[in-house]
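The next block holds one structure in the form of structure tokens; read it before the comments.
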Amino acid sequence: METGKITDAKSIIKSGIAGALGKFYGVEIDDSMIQIYKTRRDFEGDYTLFAFPFAKISKKSPEQAAIDISGALSELNIVDSVNTVKAFVNIKMKASFWAERLTVGLNDANFGQLPRSGQRIMLEYSSPNTNKPLHLGHIRNNLLGWSVAKILEACGHEVIKVNLVNDRGIHICKSMVAWQQFGAGETPQSSGKKGDHLVGEYYVKFDREYKAQQKSLIENSGVTEAEAAVEAPIFAAAREMLRKWEAGDEATVALWKTMNGWVYEGFDATYRRLGVAFDKIYYESDTWILGKKIVEEGLSKGIFYRKDDSSVWIDLTADGLDAKLLLRSDGTTVYMTQDLGTAEQRYEEYGFDKLIYVVGNEQNYHFQALRLILNKLGHRWAEAIYHLSYGMVELPEGKMKSREGTVVDADDLIAEMQKTAREVSDELGKLNEMSETEAAATVDMIALGALKYYILKVDPKKTMLFDPKESIDFNGNTASFIQYTHARICSVLRKHGSNGFLGSNSFVKPSKKEIELIKLIEVFPETVRMAGDNLSPALIANCVYELAKEYNQFYHDYPILKEENAAIKNLRLALSYQVALTIKNGMALLGIDVPEKM
RNA sequence: GGUCUCGUAGCUCAGUUGGAUAGAGCAACAGCCUUCUAAGCUGUGGGUCGAAGGUUCGAAUCCUUCCGAGAUCACCA
């Protein structure tokens, strides 16, 4: 899924270096020899070239090679000066070079949007169960999925966002049975409860009743724990309901449709609040049968085998895994069978170049097996399957456990963040001059921005800690800080009476601080490319934060509107505009909106 | 037990895919609003990069072993 090359400052310098050193040494300079990176802050220069590869060509010491190189490079017309420290060649670019880079950025209407790649990527994320409301873990999944989709689109790929809803099975039957027994006809309309929460309550009720029945069975009938687990009447009722559902019993299917409908209404509300959406939604009730064909295929090819009880397996022990079940002895399919089937169906329908599953790392094993099995069946596109495996979200008290009631509900969390955002904004007097609609929209941006940024700034693959107190902090490395920077710039541009875009003007030479800002803006498209290659929104978050931080320093130390020199003022306005645009584009890739006032 | 992931400041995290003296935020302390938004800015303190070996000009980053944390190995999804 590599994207194309970008003509940023670094690549321009690289080709300059290749030309100059090719001439100097009289050999073709391979791209890999030019190892260049940002100069450390304590040294003079913009980029640093490592001289070791060239020492080999000239058979001189690395230090001497560095000196030779510095001579050759100072000839380049974009280079201001060169200095060497040991085997490091520090290159300082001309101020005019940076002014030119700013102009290029300003004239790029789609700054940060890379050219079309022609690749089609299917991205599966969210994939909830319909027996309980979404929680903090789902939030990480949804935010990651949405952001990665945005990033891949920015990288020029066609992205198809899909959701696979787990709407059938024993878990939903549990909620249904409990509702039948204790519900007394309660509906979201009658109780005013959100549909997914309502169904979730009955799931909990089931569990409570189930436990009570087990306890009483063990105490009164003297059965073992395992026997009690099977014999409890309410569990028997759930199993019976599943059997009826699979047999297509009308009343059961009708109840199932009604209760799932409630859940979908609830999910839709939460999805809308989170600002995520899908291009296509798959339901397990449609796909669970898929994969049986694959089982036949695997059996006939001798890749799968049938046991005496007629269950079907694949032996993956040679690949370091275990034997995996593909078909139960009663002929029904399992999760793996279904996933094999949907993958094949999706490939036939869409012919993707890449199929990405955003699923927690507890399923690493499953996806390892999935790829392996498809490979063994001879599907070349198995290589296109990628499991974007993200780490669990933990609380300061430890892991979330639904049984202990420590699960953080998605809707509650969002509501809480909105409340806090409102309080803090009010306290600071930020909403004083706003209409209620405007204030509500601003509070919304701040609250959701805080939540999204807090989660997305962490490398997806790492287990992360969600500290509620820290997540609603609006200072430091937070979305609010970045949003505030954007609002400040908008305020400056408003007062100037323009949108700050000053066309393709040529600019006066930027000062050191201004060059720092141009550099941070300049790397944005390259950062988007890296974020796409690594499927990591965290890279975008860091990049935007660095930029906002640098701008706030600049804002504090340098006048913009009050600058008397018109040419310098012009440069600073253009720079401010470009910073605001980059912040806006970057935050959009995280699914975060930025206000013009706050 | 097998497989996989992780371990960086008191806490939460970065670290440009092997580069120079490892960086931010929070928390603590000390400053800055009569000047474009103080949700901001400046400064101080804080490190055996889990440990030990190895690879090489050079390692937080790669390899080995050990220690510690987590995930997974169901006729659940």
Side-chain angles (χ1 to χ4, degrees), chain A residues 10 35 37-43 48 50 52 55 61-62 85-88 90 127 129 166 169-171 284 307 309 311-313 317 319-330 332-336 338-339 360-366 368-369 389 391-392 394 396 399 421 424-425 427-428 430 446 454 457-459 461-467 469-471 473-485 487-496 523 526-527 530 533-534 538-539 541-543 545-546 549 552-553 555-563 572 576 597-598:
Chain A
K10 201 170 174 178
Q35 294 173 38
Y37 53 96
K38 259 167 65 183
T39 300
R40 291 191 69 89
R41 60 180 72 183
D42 326 304
F43 297 89
T48 297
F50 175 51
F52 244 95
S61 71
V85 179
K86 294 187 282 187
F88 300 97
N90 299 315
S127 303
N129 290 345
N166 180 10
I170 192 76
H171 58 273
E284 279 198 15
K307 280 192 183 174
D309 62 5
S311 59
V312 176
W313 298 74
T317 49
D319 300 281
L321 304 184
D322 306 286
K324 211 64 192 158
L325 176 82
L326 294 166
L327 206 62
R328 294 194 186 96
S329 49
D330 63 7
T332 56
T333 61
V334 290
Y335 180 44
M336 179 60 83
Q338 172 203 284
D339 250 9
N361 61 15
E362 72 246 344
Q363 293 193 34
N364 285 354
Y365 188 87
H366 171 78
Q368 216 181 324
S389 158
M392 298 291 99
E394 291 182 1
K399 285 184 220 180
V424 173
S425 301
E427 215 167 285
L428 293 170
K430 298 285 187 182
I446 292 166
Y454 184 82
K457 74 175 173 183
V458 181
D459 184 342
K461 68 171 186 284
K462 287 196 173 178
T463 304
M464 71 167 287
L465 183 91
F466 187 90
D467 185 341
K469 283 202 300 285
E470 201 178 299
S471 68
D473 190 350
F474 300 129
N475 302 309
N477 186 358
T478 64
S480 316
F481 173 85
I482 296 164
Q483 288 169 324
Y484 176 70
T485 310
R488 265 182 154 181
I489 297 174
C490 288
S491 173
V492 169
L493 298 178
R494 263 197 312 275
K495 291 210 161 102
H496 179 249
V523 296
E526 172 64 13
T527 306
M530 279 175 57
D533 288 350
N534 294 317
L539 299 179
N542 284 325
C543 168
Y545 171 66
E546 289 294 321
K549 193 168 143 64
N552 276 319
Q553 292 169 8
Y555 180 91
H556 184 265
D557 295 337
Y558 298 82
I560 301 166
L561 296 175
K562 288 182 168 31
E563 171 58 46
R572 290 182 184 165
S576 298
K597 291 180 194 167
M598 72 181 271

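Note on naming: letters A, B, ... go to the chains in the order of the sequence lines (proteins, then strands), and numbering restarts at 1 for each one.
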Item to check | Pairwise P distance, B:U3 and B:U42 [rounded to whole Å] | outcome: 50 Å
Item to check | Donor-acceptor pair present, A:Asn364 side chain and B:U5 base, under 3.5 Å | outcome: no
Checklist entry - Does the base of B:A39 carry an N or O that pairs as donor and acceptor with the side chain of A:Ser425 under 3.5 Å? => result yes
Next on the checklist: Could you check whether any side-chain N or O of A:Asp330 sits under 3.5 Å from a backbone N or O of A:Thr332, counting only pairs where one atom can act as donor and the other as acceptor?
Outcome noted: yes
Checklist entry - Which part of the nucleic acid does A:Tyr454 contact within heavy-atom distance under 4.0 Å: base, sugar-phosphate only, or nothing? => result nothing
Next on the checklist: Please determine whether a side-chain nitrogen or oxygen atom of A:Lys324 lies at a distance below 4.0 Å from atom OP1 or OP2 of B:A74.
Outcome noted: no
Checklist outcome for this item: A correct 5'-to-3' footprint of nucleotides 28-33 of chain B, with B, S and - meaning base, sugar-phosphate only and no protein heavy atom under 4.0 Å, is ------
Checklist entry - For A:Lys461, which contact category applies under a 4.0 Å heavy-atom criterion: base, sugar-phosphate, or nothing? => result sugar-phosphate
Checklist entry - With a non-hydrogen cut-off below 4.0 angstrom, is A:Glu563 in contact with a base, only sugar-phosphate, or nothing? => result nothing
Next on the checklist: Classify A:Leu465 by what it touches in the nucleic acid, base, sugar-phosphate, or nothing, heavy-atom distance under 4.0 Å.
Outcome noted: sugar-phosphate
Next on the checklist: Any side-chain N or O of A:Lys462 below 4.0 angstrom from OP1/OP2 of B:A14?
Outcome noted: yes
Next on the checklist: Would you say A:Tyr335 places a side-chain N or O within less than 4.0 Å of OP1 or OP2 belonging to B:A77?
Outcome noted: no
Checklist entry - With A:Asp459, which residues qualify under side-chain hydrogen bond (donor to acceptor under 3.5 Å, both in side chains), at least two apart? => result A:Lys461
Checklist entry - Quick one: do A:Arg572 and A:Glu563 make a salt bridge, cutoff under 4.0 Å? => result yes
Checklist entry - Within the modelled atom types, does a donor on one side and an acceptor on the other bring the side chain of A:Lys430 and the base of B:U37 under 3.5 Å apart? => result yes
Next on the checklist: Need to verify one output field. Residue with the more 5' nearest nucleotide on RNA chain B, A:Asp467 or A:Thr485?
Outcome noted: A:Asp467
Checklist entry - Heavy atoms under 4.0 Å, any strand shown: does A:Met598 hit a base, just sugar-phosphate, or nothing? => result base
Checklist entry - If anything within 90° of 0 is syn and all else is anti, what is B:C6? => result anti
Checklist entry - A:Tyr454 side chain to A:Asp467 main-chain N or O, any donor-acceptor pair under 3.5 Å? => result yes
Item to check | A:Ser491 side chain near B:U37 phosphate (N/O to OP1/OP2, under 4.0 Å) | outcome: yes
Item to check | Distance-only side-chain donor-acceptor flag, A:Asp322 / A:Tyr365, under 3.5 Å | outcome: yes
Checklist entry - What nucleic acid atoms does A:Pro559 come within less than 4.0 Å of, heavy atoms only: base, sugar-phosphate, or nothing? => result base
Item to check | Flag, side chain of A:Ser311 to backbone of A:Lys307, donor-acceptor distance under 3.5 Å | outcome: no
Next on the checklist: Classify A:Ile446 by what it touches in the nucleic acid, base, sugar-phosphate, or nothing, heavy-atom distance under 4.0 Å.
Outcome noted: base
Please produce a list of atom pairs where a protein N or O lies less than 3.5 Å from an N or O of nucleotides 23-27 of chain B.
residue: B:G23; atom: OP1; partner: A:Arg40; partner atom: NH2; Å: 2.8
residue: B:A24; atom: OP1; partner: A:Arg41; partner atom: NH1; Å: 3.2
residue: B:A24; atom: O2'; partner: A:Tyr545; partner atom: OH; Å: 3.0
residue: B:G25; atom: OP1; partner: A:Lys549; partner atom: NZ; Å: 3.3
residue: B:G25; atom: O2'; partner: A:Asn477; partner atom: N; Å: 3.3

Item to check | Sub-4.5 Å side-chain heavy-atom contact between A:Asp339 and A:His366 | outcome: yes
Checklist entry - Just by modelled atom types, is the A:Val334 backbone N or O under 3.5 Å from a matching donor or acceptor in the A:Arg328 side chain? => result no
Checklist entry - Given the C1' atoms of B:U35 and B:G18, what is the spacing between them in whole Å? => result 49 Å
Checklist entry - With sugar-phosphate meaning primed atoms plus P, OP1 and OP2, does A:Asp459 contact a base, only sugar-phosphate, or nothing at under 4.0 Å between heavy atoms? => result sugar-phosphate
Item to check | Nearest-nucleotide 5' precedence on RNA chain B, A:Phe52 against A:Glu394 | outcome: A:Phe52
Next on the checklist: Rounded to whole Å, how long is the line connecting atom CD of A:Glu284 with atom P of B:C76?
Outcome noted: 14 Å
Checklist entry - Does B:U17 adopt a syn or an anti glycosidic conformation, taking syn as a chi angle within 90° of 0? => result syn
Checklist entry - Is there a side-chain polar atom (N or O) of A:Arg328 under 4.0 Å from OP1 or OP2 of B:C76? => result yes
Item to check | A:Ala487 backbone acceptor or donor facing A:Ser491 side chain under 3.5 Å | outcome: no
Checklist entry - Counting distance only, does the side-chain N/O of A:Lys457 pair as donor-acceptor with the main-chain N or O of A:Asn477 below 3.5 Å? => result yes
Next on the checklist: Mind checking if A:Asp319 touches a base, just sugar-phosphate, or nothing, with heavy atoms under 4.0 Å?
Outcome noted: nothing
Checklist entry - Within the pair A:Gln553 and B:G40, is there a side-chain N or O less than 4.0 Å away from OP1 or OP2? => result no
Checklist entry - What integer distance in Å separates A:Glu362:CD from B:A77:C1'? => result 10 Å
Checklist entry - Across the strands shown, which category fits A:Phe481 at heavy-atom distances under 4.0 angstrom: base, sugar-phosphate, nothing? => result sugar-phosphate
Item to check | Donor-acceptor pair, side chain of A:Asn534 and main chain of A:Met530, under 3.5 angstrom | outcome: yes
Checklist entry - Under 4.0 angstrom, heavy atoms only, what part of the nucleic acid is A:Ser127 near: base, sugar-phosphate, or nothing? => result nothing
